[in-house]
Protein chains: 2
Amino acid sequence: MPRTVDHAQRRAQITDGLVRVAAREGLHAVTMRSVAAASGVSLRLVQYYFDSKAQLMRAALERLEAQSHARWAARLAALAPDPSARAVVETCLAEALPTDEESRAFHVVWTAYASLAMTDPSLAEQPFADGPRRLERALTGVLERARRDDELMAGAEPAHEAARLLALGHGLGTSVLVGQRSAGDAADVLRYHVDRLFTSAVRRGARTGGTGTSGVPASPP
Amino acid sequence: MPRTVDHAQRRAQITDGLVRVAAREGLHAVTMRSVAAASGVSLRLVQYYFDSKAQLMRAALERLEAQSHARWAARLAALAPDPSARAVVETCLAEALPTDEESRAFHVVWTAYASLAMTDPSLAEQPFADGPRRLERALTGVLERARRDDELMAGAEPAHEAARLLALGHGLGTSVLVGQRSAGDAADVLRYHVDRLFTSAVRRGARTGGTGTSGVPASPP
DNA sequence: TTGTTCGTGATACGTCTGTATCATAACGAG
DNA sequence: CTCGTTATGATACAGACGTATCACGAACAA
């Protein structure tokens with residue numbers, strides 16, 4: 001074989017260019033040429049690594065999902081061993097808010113893809129329906145254990161609470177993206193919500209019981 | 001003047017065509033030609049009533065907003081005179097969920113516009129930031145009066161609760177749009193939330209006190 | 001009736017898009 | 001060294017897009 005270049009890296013370089021274009025000018029400004037320019041390669045190269053624009057778009061979405069999952073897993077891993085349910089919940093929701101510019105870029109592009117998926121079922125039923133469903137199930141598990149440990153407010157139902165948390169996180173994130181409120185204000189509302197979900201006892205550093213497994217899947221979809 | 005046609009009606013006919021196209025194939029499929037075909041007129045007519053595509057897009061967004069406000073006002077007007085705060089809140093949130101096909105179409109297109117607005121500030125800061133802000137203020141007013149009447153759970157802060165309600169409504173609506181959950185499930189979560197916001201007394205048909213004004217603005221933005 | 005303006009149609013133009021084609025440089029196997 | 005596969009560049013092509021232009025019918029004012 002002749003000189004070999006790391007294909008995966010090249011593909012990542014190009015999809016990252018796509019994300020930059022989409023974050024700055026919107027997903028409608030993503031063309032084979034604009035992506036090539038943004039990633040510093042020629043149009044031909046984009047064609048070489050992605051047979052069609054549809055493939056390129058799908059690859060970029062998959063990369064976004066993988067990156068998001070990586071950030072999320074890293075935050076969970078940075079937690080103290082055997083973390084409290086409240087810590088896990090807050091960690092899961094911390095990624096939902098666009099706090100810095102990089103996070104904002106991610107959410108802008110992700111939202112644009114979600115909007116696309118609403119009229120194009122072929123494009124990613126998995127990331128937008130399956131992904132959140134799995135996350136919601138995982139959160140439900142965490143909350144069920146929290147309830148057994150008496151960390152939850154009376155009358156809280158884990159499944160409904162998980163749905164509420166995720167929907168609230170998404171809704172607040174969107175409100176920040178459109179400029180309705182600041183990320184700080186959104187974080188306040190989120191804290192207000194979590195304060196009313198858990199018993200007001202001081203945050204304990206570790207749970208008192210449990211199976212040892214965190215209940216949150218560690219591998220990407 | 002020669003034979004006169006109702007310009008406003010023609011413009012409405014065309015923007016409605018745009019919304020149909022956008023709801024079925026996405027906002028990226030909206031072209032001067034596709035809109036013309038969907039509204040049963042010639043390309044030239046679309047150009048005649050809208051000088052540019054940007055104007056057409058803005059007009060369609062304004063019509064969407066006006067229609068949404070009309071539906072919302074109609075629901076409020078259909079309520080019993082001097083309605084309970086809970087009834088007002090539930091009415092405001094009922095529109096947030098895409099329950100039927102028409103509502104789904106509206107939300108799909110609205111979301112696509114919101115996604116556009118994130119990278120194109122010129123397009124509508126008002127509908128996406130100002131509008132929700134005003135709605136949130138109005139809801140806050142309703143909740144403040146409800147608190148005075150002891151209809152709210154202990155410790156509820158009207159401003160935070162209003163933000164929570166709106167964010168939750170939007171988040172749940174989006175989860176329905178992407179197929180993550182059914183509209184019925186979303187309504188269950190919403191009811192779960194409202195049940196925990198108001199005191200669990202049976203819903204009263206009318207408030208006991210108040211100024212007489214509903215606290216909700218009656219005219220469009 | 002005549003004329004001027006509004007409303008409508010058909011069609012053309014330049015640009016940008018996704019994709020395809022031709023050509024060639026780099027590099028390892030034989 | 002030579003050859004064939006891999007990687008990259010320059011350019012071409014057909015279609016769709018937004019917009020502009022030319023042309024004609026329809027209706028009221030004079």
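Chain A is the first sequence line, chain B the second, and so forth, proteins listed ahead of strands; every chain is numbered from 1.
- Distances from the side chain of B:Y49 to the nucleotides C:dT8, D:dG9, D:dA7 place C:dT8 closest.
- Distance, B:Q47 CD to C:dG7 P: 16 Å, rounded to whole Å.
- For A:L45, whose side chain is taken as the heavy atoms from C-beta onward, the closest listed nucleotide among D:dA7, D:dT8, D:dC17 is D:dT8.
- With respect to B:R58 and B:E62, no salt bridge is recorded, no charged nitrogen being found less than 4.0 Å from a carboxylate O.
- Taking atom CZ on A:F50 and atom P on C:dA20, their separation rounds to 16 Å, with Å as the unit.
- Although no hydrogens or angles enter the test, the distance criterion places no donor-acceptor pair under 3.5 Å between the side chain of B:K53 and the main chain of B:Q47.
- Regarding B:H28, its NE2 atom lies at a distance of 11 Å from the P atom of D:dC17, rounded to whole Å.
- Taking the side chain of A:Y48 as heavy atoms from C-beta on, and the options D:dA7, D:dG9, C:dG7, the nearest nucleotide is D:dA7.
- Look at B:S42 and you won't find any side-chain N or O under 4.0 angstrom from OP1 or OP2 of C:dT8.
- A salt bridge between B:E161 and B:R164 is present, with a side-chain N of the basic residue lying under 4.0 Å from a carboxylate O of the acidic one.
- Enclosure of atom CD in A:E25 by more than 12 non-hydrogen atoms of other residues, nucleotides or ligands within 6.0 angstrom is indicated.
- Atom NZ in B:K53 sits about 12 Å away from atom C1' in D:dT19, given to the nearest Å.
- The CD-P distance, from A:Q9 to D:dA7, rounds to 13 Å in whole Å.
- If you check D:dT21, D:dA7, C:dC6 against the side chain of B:R44, the one that comes closest is D:dT21.
- With distances taken from any side-chain atom of A:L43 to the nucleotides C:dG9, D:dT8, C:dT19, the minimum falls on C:dT19.
- Side-chain proximity of A:S52 to the nucleotides C:dT19, D:dG9, D:dG18 is greatest for C:dT19.
- Between the CD atom of A:Q13 and the P atom of D:dA7 there is a distance of 14 Å, given to the nearest Å.
- For the pair B:H7 and C:dG7, the criterion of a side-chain N or O lying under 4.0 Å from OP1 or OP2 is met.
- Between the CE atom of A:M32 and the P atom of C:dT15 there is a distance of 23 Å, rounded to whole Å.
- Of the residues near DNA chain C, B:R10 and A:S34, the one whose nearest nucleotide (by heavy atom distance) lies more toward the 5' end is B:R10.
- Minimum atom distance to the side chain of B:R33 is reached by D:dG18, of the listed C:dT19, D:dG9, D:dG18.
- Around CD of B:Q126, the count of heavy atoms belonging to other residues, nucleotides or ligands within 6.0 Å does not exceed 12.
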